[in-house]
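Taking it in order: structure first as structure tokens, then the write-up.
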Amino acid sequence: MSTTNVIITGASAGIGEATARRFAKEGCRLVLIARRKDKLEALQEELGKDNAAIFELDVTERREVEKTFAQIENEIGAIDILVNNAGAAFGLDRAQEANLEEWEKCIDVNIKGLMFCTHSVLPGMAKRNHGHIVNLGSVAGHYPYPGGNVYAGTKAFVHQFSLNLRADLLGTHVRVSCIEPGLTGGTEFSKVRFRGDEAKAKGVYEKTQPLTPEDIAEAIYFCTSAPSHVNINTIEMMPVVQAFAPLAVYRT
């Protein structure tokens with residue numbers, strides 16, 4: 001995969017950062033996208049400026065996404081792999097107590113941002129009859145839990161959107177995969193979800209051995225390195241310390 005061009009969104013930390021390192025090991029040409037330029041610059045310095053281009057971008061800004069992706073294709077070349085990693089959860093409040101602005105923000109990042117980036121590369125991939133889109137979903141898209149509400153709904157969208165992309169792409173060699181992790185440590189996910197409360201975020205992973213960003217990065221690479229006639233539709237993964245909750249019963 002030495003000549004493969006790989007775009008990774010949300011590349012400034014966590015899973016995106018680990019995925020960049022994983023593809024860098026294979027000699028891929030990386031395009032790293034995130035809102036925090038300082039973080040991107042540090043990662044670029046680590047991986048080498050000749051190997052990694054960086055673009056400061058908020059994926060929720062449609063026009064900026066279109067402009068940036070056009071610039072990438074003009075300056076770097078056709079995109080072989082898009083890893084739609086950018087995403088977030090905001091709050092863990094029950095729906096009746098939730099902040100509507102946080103709901104909107106979650107939809108903007110997890111659904112609209114993913115759509116904008118996908119739409120920017122998809123026509124070219126279909127025309128070239130080559131490419132791979134990897135979307136980051138979550139087990140939350142399948143298994144409900146209190147406080148999951150809109151975040152879980154956005155991840156259900158990612159799952160179904162990924163499958164429907166494959167349906168539309170039938171007859172091409174463009175592949176689509178959805179990676180759906182459970183409890184994952186070593187990221188900023190819980191810190192963002194709990195609005196910067198470090199202690200609360202840390203408590204989520206206390207006395208557990210969660211998945212790591214490197215575990216997810218390996219799954220992403222596995223999908224993209226499969227033989228070209230193989231499409232890995234979905235990978236759902238959890239740490240062994242996590243399982244499914246029993247059905248809830250409210251007793252008066």
Side-chain angles (χ1 to χ4, degrees), residues 1-61 63-89 108-110 113-114 116-118 120-121 124-125 131-136 177 179 181 184-193 196 198 201-202 205 210-225:
M1 300 181 71
S2 58
T3 60
T4 302
N5 291 331
V6 183
I7 293 182
I8 303 168
T9 68
S12 59
I15 294 170
E17 185 178 21
T19 302
R21 292 193 179 105
R22 183 64 185 88
F23 279 101
K25 284 176 61 178
E26 306 302 323
C28 297
R29 188 181 296 110
L30 302 174
V31 180
L32 310 178
I33 288 174
R35 291 177 295 110
R36 295 177 295 181
K37 190 175 181 181
D38 58 330
K39 297 278 189 180
L40 289 177
E41 288 173 338
L43 185 55
Q44 183 187 44
E45 189 69 26
E46 174 192 332
L47 300 178
K49 292 186 178 181
D50 292 338
N51 305 318
I54 61 172
F55 290 85
E56 182 182 3
L57 176 67
D58 181 344
V59 298
T60 68
E61 298 292 335
R63 300 304 178 194
E64 289 303 310
V65 170
E66 293 170 346
K67 177 181 174 182
T68 300
F69 274 69
Q71 181 184 351
I72 290 168
E73 295 232 6
N74 287 333
E75 295 180 0
I76 296 169
I79 301 307
D80 299 296
I81 298 170
L82 167 64
V83 180
N84 277 315
N85 168 70
D108 286 344
V109 178
N110 296 355
L114 182 143
F116 297 158
C117 293
T118 299
S120 293
V121 302
M125 286 183 174
H132 199 146
I133 295 170
V134 182
N135 295 324
L136 264 292
S177 302
I179 312 297
T184 304
T187 77
E188 298 178 350
F189 178 84
S190 289
K191 181 180 176 181
V192 172
R193 167 165 261 182
E198 298 266 10
K202 187 178 178 181
Y205 310 100
L211 299 175
T212 68
E214 290 73 23
D215 295 329
I216 314 306
E218 197 60 46
I220 292 169
Y221 181 72
F222 169 75
C223 290
T224 61
S225 61

Check against side-chain contact (heavy atoms from CB on, under 4.5 Å), N84 and I133: CA-CA 7 Å; N84 277 315; I133 295 170; 3.9 Å; yes

Find out whether [X] and [Y] are in side-chain contact, i.e. whether some heavy atom of one side chain is under 4.5 Å from a heavy atom of the other.
| X | Y | value |
| --- | --- | --- |
| I220 | F23 | yes |
| L47 | R21 | yes |
| R22 | E218 | yes |
| V59 | L114 | no |
| V65 | L57 | yes |
| L43 | L32 | yes |

For the CZ atom on R36, are there more than 12 heavy atoms of other groups (residues, nucleotides or ligands in this structure) within a distance under 6.0 Å? yes

CG/D50: more than 12 non-hydrogen atoms of other groups inside 6.0 Å: no

Can you tell me how far the [atom1] atom of [X] sits from the [atom2] atom of [Y], to the nearest 0.5 Å?
| X | Y | atom1 | atom2 | result |
| --- | --- | --- | --- | --- |
| Y221 | E26 | OH | CD | 3.5 Å |
| I79 | E73 | CD1 | CD | 5.5 Å |
| I81 | T224 | CD1 | OG1 | 4.5 Å |
| S120 | L82 | OG | CG | 9.0 Å |

Is a donor on one side and an acceptor on the other found under 3.5 Å between the side chain of N51 and the backbone of R29? no

